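Only this structure's heavy atoms are used, side chains among them; waters, hydrogens and symmetry mates stay out. These numbers come from a predicted model, not from an experiment. Within every chain, numbering begins at 1; the chains are lettered A, B, ... in the order of the sequence lines, protein sequences first and strands thereafter.
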Protein chains: 2
Amino acid sequence: MTAAASTSRNRRGRPGYDRQQVLEAAVRIFNQQGYDATSVSDIAASLGFAKSALYHHFESKASILELALDDALSGLESALDSAVRDNGSASAQLRQFVHSAVGVLTARLPQVMLLLRVRGNSEVELAALQRRRAFDQRVAMIVAAAQEEGMLRKEIDASVATRLIFGMINSLVEWYRPDGPVDAAELADDVLLATFDGLQTHP
Amino acid sequence: MTAAASTSRNRRGRPGYDRQQVLEAAVRIFNQQGYDATSVSDIAASLGFAKSALYHHFESKASILELALDDALSGLESALDSAVRDNGSASAQLRQFVHSAVGVLTARLPQVMLLLRVRGNSEVELAALQRRRAFDQRVAMIVAAAQEEGMLRKEIDASVATRLIFGMINSLVEWYRPDGPVDAAELADDVLLATFDGLQTHP
DNA sequence: GTCTATATTAGGATAGAC
DNA sequence: GTCTATCCTAATATAGAC
């Protein structure tokens, strides 16, 4: 299957969805209603077919979630890897990662939205949470190192600073929409400015 | 019933829970597992009794949610009312509200946590969302006015600034715990500093 | 204030036809 | 790739006893 096949509608004749299309529809509804509040029938109904048809594409409801969560985590992890690889100082790594994290979040909004709402109610969710915790710890280390380098104020504890920065970033899923009025690239700049320089004039 | 009766355990003899105790337990589990993933049996089990006993205290699962959401919204609304009443300029109103919003969130953590996760899946949730939207709009107006007053940088759109500030604040529910290492009062100061002055040293 | 049924509906998932 | 029919389990809620 070509990469383009996922979003383009170049299949002729019968309806017939492929795995990727079903995945996208499912994730959309998971995000609208919440994973637990979404039934397999809801997903099927949104595609206009019976719920049993879903099991042709996926083993289970949980396996759909698993795929989406893996996508979100992979995106964030590789952005972090790049930031570490591309920069010598922790301060520079942090700056780049904050910027690129906004990029990942806006580019893979549905998957990241799902990830951020996971509560640990199943094996799949627990595995994702564990992977996310490992990731968060790597980020926290970089923030602490950036503070040591003198980039960040000492009055605020590094772990609190980490939570505040990425709390702000993660909260973007609550309102940012690709088709909305806010540009993703500008938003990344705004977040950098807000977190490090503050929103106030002439500090 | 006295106000103290809610948390104090001055009832002798038999177990027997009152409405407030059941409410607290229910909200705790709603937050752990998510509202939709929580069954009435889960709540009952956590209190050590049969699920039918729950219907002695509450009409339905939804009515428990309703009560908690009302508590969260009332707390936030009255903090905003006070901030507006106590200050002349929008800048001062905003500063006070940011500070007190952190206070409300830490003081009524379980209820606010629940509020922030509502998706609109029922009448009760839709009503809460609508009330929250009205509240958010009031806040956005104040941020815009503070920007007009010259308090906030003009490079960042007022509505984006509002989202970023309260995104950071709301994200506290994801990690702040009353019994954790972070002090609520210090946290409110940290958030003020982070949002308005930024996390970077010597700006 | 809590219990043991029980009614009723919806959920995830499978079988096998088209 | 989708359908209808069906299984089985779990969920909300009620009835009525203690």
Distance, rounded to the nearest Å, where B:Ile64 contributes CD1 and D:dT12 contributes P:
10 Å
Please tell me if B:His56 has a side-chain N or O lying less than 4.0 Å from either OP1 or OP2 of C:dT2.
no
Quick one: does A:Arg95's side chain have a donor or acceptor within less than 3.5 Å of a partner on A:Leu192's backbone?
no
Does a side chain donor of either A:Asp189 or A:His99 reach within less than 3.5 Å of an acceptor in the other side chain?
yes
Could you tell me, to 10°, how much the axis swings from one end of the helix from C:dG1-D:dC18 to C:dC18-D:dG1 to the other, five pairs per end?
10°
Could you run through nucleotides 3-18 of chain C and give me one letter per nucleotide, 5' to 3': B if any protein heavy atom sits under 4.0 Å from the base, S if only the sugar-phosphate is that close, - if neither?
BB------SBBBB---
What pairs meet the ring pair (Phe, Tyr, Trp, His ring centres under 6.0 Å) rule with one or both residues in residues 100-131 of chain B, with sequence neighbours excluded?
none
What is the distance from CD1 of A:Ile43 to C1' of D:dT2, rounded to the nearest Å?
16 Å
Using atom types as modelled, flag every donor-acceptor pair under 3.5 Å from a side chain in residues 164-184 of chain B to any protein atom, sequence neighbours excluded.
| from | atom 1 | to | atom 2 | distance (Å) |
| --- | --- | --- | --- | --- |
| B:Asn170 | ND2 | B:Phe166 | O | 3.1 |
| B:Ser171 | OG | B:Met168 | O | 2.7 |
| B:Arg177 | NH1 | B:Val173 | O | 3.1 |
| B:Asp183 | OD2 | B:Ala185 | N | 3.1 |
| B:Asp183 | OD2 | B:Glu186 | N | 3.0 |

For a quick test of reading the model, state the closest non-hydrogen atom pair linking A:Tyr17 to A:His57 and the distance between them.
O-CE1, 2.9 Å
Here the distance between atom P of D:dT12 and atom NE2 of B:His57, to the nearest Å, is 17 Å
note: B:Phe30, atom CZ; D:dA11, atom P; distance rounded to Å ~ 13 Å
Any pair counted as salt bridge (charged side-chain N to carboxylate O under 4.0 Å, His left out), so long as it reaches residues 72-89 of chain B, sequence neighbours left out
B:Glu77-B:Arg131, B:Asp81-B:Arg138
Any ring pair (Phe, Tyr, Trp, His ring centres under 6.0 Å) pairs touching residues 116-141 of chain B, not counting sequence neighbours?
B:Phe97-B:Phe135
Within a 6.0 Å radius of atom CD on B:Glu149, are there more than 12 heavy atoms belonging to other residues, nucleotides or ligands?
yes
